[in-house]
Protein chains: 2
Amino acid sequence: MPRAARRKKEATIVDIARRLRVSAMTVSRALTGSSEVSEKTRKRVLRCAKELGYRPNRWARSLVTQRSSILGVVVPDIAHSYFAEITRGIEEVADKAGYKLLLCHSCLDPRKEEAEIETLLGTRVEGLLVASEQPLSSPEVFLKLQETRIPFVLIDRFFPGRELPSVRVDDVAVGRLATECLIELGHRRIAHIRGPRLSPAALRYRGYLAALRKHGIPVNSEWIVSGSFDIESGRQAMLKLLDKQPRPTAVFAANDPMGIGAVYACRDRGLAVPGDVSIVGAGNIEGAHHPNPFLTTVDWPRAELGRAAVTVLLAILANPEHQHTRVEIFTPRLLSRQSTAQAAQRGGKGASA
Amino acid sequence: MPRAARRKKEATIVDIARRLRVSAMTVSRALTGSSEVSEKTRKRVLRCAKELGYRPNRWARSLVTQRSSILGVVVPDIAHSYFAEITRGIEEVADKAGYKLLLCHSCLDPRKEEAEIETLLGTRVEGLLVASEQPLSSPEVFLKLQETRIPFVLIDRFFPGRELPSVRVDDVAVGRLATECLIELGHRRIAHIRGPRLSPAALRYRGYLAALRKHGIPVNSEWIVSGSFDIESGRQAMLKLLDKQPRPTAVFAANDPMGIGAVYACRDRGLAVPGDVSIVGAGNIEGAHHPNPFLTTVDWPRAELGRAAVTVLLAILANPEHQHTRVEIFTPRLLSRQSTAQAAQRGGKGASA
DNA sequence: ATGCCTGCCGTTAACGTTATCGTCAAGAAA
DNA sequence: TTTCTTGACGATAACGTTAACGGCAGGCAT
C-alpha cells in the first residue's frame, strides 16, 4: 500500500535550471564539479542551489551512475558490544571513503540473515559486510552471493575447507594462548567449555588441544563440555565440570560470557575464583573489566577487525577483476587479570569438594 | 570521479516482460501484488523472476513512489553500549514496519552531526532519529529540520524551553532517585559530579538539588564538581572532592563511567567503596555489573527508548498533518548494588581483590 | 441490438539525475 | 580567406520503476 506522502516538494536540478535559464545539464555539471562549466555559471548555480535549499537526490543519481555509495552491514545483534565495536570500525573507514552503512540484524537466525542479504542486494548496496561468531547460513548462501559479483567480506566467519573473502582473528592462537597461560601457571587439570561447532570456537578448541599436546598433557574428554556462547550455558557447563572426578583446577571458556557463567557456577558451589579454580575467557567483552578488571581473557582488536574488513572490501571494489579471495588474520593477545592464579600445590589447600 | 562499475547486469522488470511477451507494467503489478493481474500471469511472472534472479531495484522504485523505506539514525558512537542498545530497539521496531536503517556517527561533533543529517536528507530517508547525551547541535539545526517537513525524533536530547519531538527518560527523577537512595542510607554529606551543561545531566543535577532540598539538607557548592561523562573525568572530579574539608561520604555521579572513575579515585587514595564512600551512578552500563554487579546506579530501558522513538516517528509518518510535538518520557528506577552502604557504619563488605 | 460494467492488460509519462553526443561561437592555424 | 580546435553549453536518452489513464474483450441488463 504505497501511500503517497504529500510533503513540500524538494528543489530539483530542474528548478535551478529554470530559474537561471540554463539547461539542467549545466546545473548538474556545476554541482558535480565537472570542468565543463565556466566559473561564472558555477557560482551562480551554487548560490541558487543554496537559496532553494537544494539537496541532490541520491536515488536518482545512483540510478544512472549505478553507484549507491552504500555498504550493507549484517550483524547478529548490534547491542552486543562485540559487534558494536566492529561496526564502529567499519563506519570509521567507510565514512572516510564516502560510504554510508545500511544496518541489518540477522538475530542469529540463518533465514533472517539470508533475507536481509537479499534486501540489501535489492537496495543495490555496493558491498556487503557480514559478521557473526555463530554458524549461521551455510556456505551456499555466500557461494551464491559470489555469483552476483557484489563484493562481500565475512567477519569472524569460518567455513572449514572453503576460503571466502574474510577477516578474522587467529582463533587457534586464541585457544592456544588461553590454555598455555593456564599451563604456565602450573595447572594440569585444564577443562574446556566449547562453543558451537562450525564456529570460530571450533578453532579455539583446536588451539586448546594443540597446547595440551605440545606440553605433553593428556586430553581428558570428560573435561570438555559444550555451551552456546551465553552466560547461562557457561554456568550450566561449569556445574557439570565441577561434578567430575577428579575436578579440573582450571577452565578455558570459548568466550567471555561463558567464562562469566563459569565464575557464577563456582560461586554457586562455594568455590573461590581464582583460589580454587582459574578461569580464562576469550573476547575481552566490556563487562569483564569494569570497575574491576576481573576475567582473564584473550583479546583482539574488534574495531580493527571492522576497519580491515572495509579496507579489503574497498580494495575489491576498486579492482573488481582482481577479486582473488583475500583473508586477513589478526593475532590475539592474552590479558592476564584476576580470574587466574598459580595452581594449588599438591596436597596443599586445594581440592576439597 | 564516478567510475562506472562494470559488473554483470542485474535482471530488470523489462527483461521479464520481454521474456514473457507482456508489458513491464503487468510484471510490476504481479510483483507488487496488485489485484489487477490474473492469477495465471502472476504465477508466470513470479517463476520467471526467480529464474532470472530478479531483485527489485529499490532506488528506482523509491524515485517514483517517493518512499525509501529507510530511516536515518545518528548516534555519537555505536560502540558505546548505551547507543548500541538504543539502536537495537530502533532496529527492532523499524524492521517490523519494513524500514531499514542508515547509520551515521556524529562523533560528538556538532558539525559532523549536521553534515550527517544533511547527507541523510539527500538520501531521502523518510525519517530521522537523532540521539546524544551531549549537547551537540544547537536547536536551530532542528528548527531548520522541522521546516523540511521530514519527520524526526530526538532521543535523550533536551533543549530548555523548546519542546521538539523526542523520547527521553525523566532525568530529574534520575537525579532524585540516586540522591534519595543515599539520603535513605543515612548520608548527609552528599557530593555530585555533574555532566556537561545543556545535556540531560543538567536535569539530573536539578533532581539532586530537589532531593536535598526536600529532605532539608543544605546544598554545599564545594561538593559539586563537573566532569565530561568519561571515566577519567570522573576520577579527576572525585580526587578533587576527596580533598575537600569536610569530605563527602557519598557521591552521585551523573553517569556510570564517571561513577566508575570515582571508584578508581577512591582506590587511588586508599579509601574503600562502599566502606568509606558510597557511590551511585546513572545509566546502568554493561560494564558496571559483570561478573560482579557492583556500581549502584539508576537504570532505564534503553532498547525501550529506541523502540518508543521509532513508534513516535512512525505515528508522525502515518499522519503527517497530525504533527504536533510529541514527547515521551520514561520513568527510571534504582538498582541498589554494592557501591553503596549505610553511612558512618563499617558494613562487613570486604573487598574481593 | 445497445449500453454499461468489470477484469485484465498496455501505453505513456513521469521520478531526478547523468552520459553521450551535438551545436555553436570564438579564436587559432593554415 | 578557410579550416580546425576548443570551451561552454543544450537536447535527448537513458537508469528501473510505478501512476494514471485508456483500450478491449466478454458478460449482463435493458
Side-chain angles (χ1 to χ4, degrees), chain A residues 1-45 49 52-69 121-126, chain B residues 1-45 49 52-69 121-126:
Chain A
M1 38 206 75
R3 160 197 45 78
R6 257 322 133 236
R7 58 170 75 100
K8 203 168 76 182
K9 288 262 285 182
E10 293 269 347
T12 76
I13 226 172
V14 180
D15 297 327
I16 301 179
R18 263 200 294 265
R19 229 161 176 261
L20 262 45
R21 294 173 192 286
V22 296
S23 78
M25 200 53 228
T26 303
V27 178
S28 170
R29 278 193 271 251
L31 290 171
T32 51
S34 154
S35 60
E36 309 235 317
V37 231
S38 70
E39 212 39 54
K40 210 185 80 184
T41 37
R42 159 166 296 132
K43 285 211 175 107
R44 285 177 65 213
V45 168
L52 293 179
Y54 169 78
R55 260 182 291 267
N57 186 322
R58 287 178 63 153
W59 308 333
R61 182 175 286 181
S62 297
L63 196 55
V64 49
T65 60
Q66 303 285 44
R67 296 197 52 206
S68 63
S69 295
L121 294 183
T123 315
R124 301 299 191 270
V125 295
E126 288 190 48
Chain B
M1 40 205 78
R3 160 196 47 77
R6 257 323 132 236
R7 60 170 74 99
K8 201 168 77 180
K9 288 260 285 180
E10 292 269 347
T12 77
I13 225 173
V14 181
D15 297 329
I16 301 180
R18 264 201 293 266
R19 227 156 178 265
L20 262 44
R21 294 174 193 288
V22 296
S23 78
M25 198 54 225
T26 302
V27 178
S28 170
R29 278 194 271 250
L31 290 171
T32 52
S34 156
S35 59
E36 311 235 317
V37 230
S38 70
E39 213 37 54
K40 209 185 81 184
T41 36
R42 157 164 299 131
K43 286 214 174 108
R44 284 176 65 212
V45 168
L52 293 178
Y54 169 78
R55 259 181 293 267
N57 186 324
R58 287 178 63 149
W59 308 333
R61 182 176 287 181
S62 297
L63 197 56
V64 49
T65 59
Q66 303 285 42
R67 296 198 51 204
S68 63
S69 295
L121 293 183
T123 315
R124 300 297 191 273
V125 294
E126 288 189 48

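Throughout, a chain's letter reflects where its sequence line sits, starting with A, and its residues are numbered from 1. Source: prediction; values computed, not measured.
- In this structure, the CZ atom of A:R61 is 18 Å from the P atom of C:dC15, given to the nearest Å.
- One can place CZ of A:R58 at 16 Å from C1' of C:dT18, the figure rounded to the nearest angstrom.
- Between A:S68 and B:W59, the shortest heavy-atom contact is CB-CZ2, 2.9 Å.
- Distances were taken from every side-chain heavy atom of A:A60 (C-beta onward) to each of D:dC15, C:dG16, D:dC9; the shortest belongs to C:dG16.
- Comparing B:M25 and B:L63 by the nucleotide of DNA chain D that holds the closest heavy atom to each, the one mapping nearer the 5' end is B:L63.
- Using a 4.0 Å cut-off, some side-chain N or O of A:S23 falls inside it from OP1 or OP2 of D:dG10.
- Comparing D:dC15, C:dA19, C:dT17 by their closest approach to the side chain of A:I13 singles out C:dT17.
- Of all heavy-atom pairs spanning B:V27 and B:V45, the tightest one is CG1-CG1, 3.8 Å.
- Note: CZ (A:R18) to P (D:dG10) measures 14 Å, nearest angstrom.
- Distance from the side chain of B:T65 is smallest for D:dT18 among the nucleotides C:dA19, D:dT18, C:dG10.
- The interatomic distance linking B:Q66 (CD) with C:dT17 (P) rounds to 11 Å, in whole Å.
- Pairing each heavy atom of B:Y54 with each of B:I13, the nearest pair is CE1-N, 3.6 Å.
- Regarding A:I16, its CD1 atom lies at a distance of 13 Å from the P atom of C:dG16, rounded to whole Å.
- Atom CZ of A:R124 and atom C1' of D:dT17 are 11 Å apart (whole Å).
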Using atom names, set out every protein N or O paired with an N or O of nucleotides 22-27 of chain D below 3.5 Å, distance rounded to 0.1 Å.
none

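- When the P atom of C:dT18 is taken as reference, atom CG of A:N57 falls 10 Å away, rounded to whole Å.
- Note that CZ of A:R29 is 6.5 Å distant from OG of A:S23, once rounded to the nearest 0.5 Å.
- Nearest heavy-atom pair, A:L63 versus B:A60, reported as atom, atom and distance to 0.1 Å: CD1-CB, 3.8 Å.
- Rotation axes derived from the C1' atoms of the five outermost pairs at either end of the helix from C:dA1-D:dT30 to C:dA30-D:dT1 lie 60° apart, to the nearest 10°.
- An OP1 or OP2 oxygen of C:dC9 is reached within less than 4.0 angstrom by a side-chain nitrogen or oxygen of B:T41.
- Put simply, A:S62 has no side-chain N or O that comes within less than 4.0 Å of OP1 or OP2 on C:dT17.
- Residue B:R29 is classed as a base contact, given a heavy-atom separation below 4.0 Å to a base.
- With distances taken from any side-chain atom of A:T12 to the nucleotides C:dG16, D:dC9, D:dT17, the minimum falls on C:dG16.
- In this structure B:R42 satisfies the salt bridge (Lys or Arg N to Asp or Glu O under 4.0 Å) test together with B:E39, sequence neighbours excluded.
- Smallest separation of non-hydrogen atoms from A:S69 and A:E126: N-OE2, 2.6 Å.
- Whole-Å rounding puts the A:R67 CZ to C:dT17 P distance at 18 Å.
- Atom-to-atom distance recorded for A:R55:CZ and B:R124:CZ is 7.0 Å, nearest 0.5 angstrom.
- A sub-4.0 Å separation between OP1 or OP2 of C:dG16 and a side-chain N or O of A:S28 is absent.
- Remark: A:I16 CD1 to A:L52 CG distance equals 6.0 Å, nearest 0.5 Å.
- In terms of heavy-atom proximity, A:G53 sits nearest to A:E10 at O-OE1, 4.5 Å.
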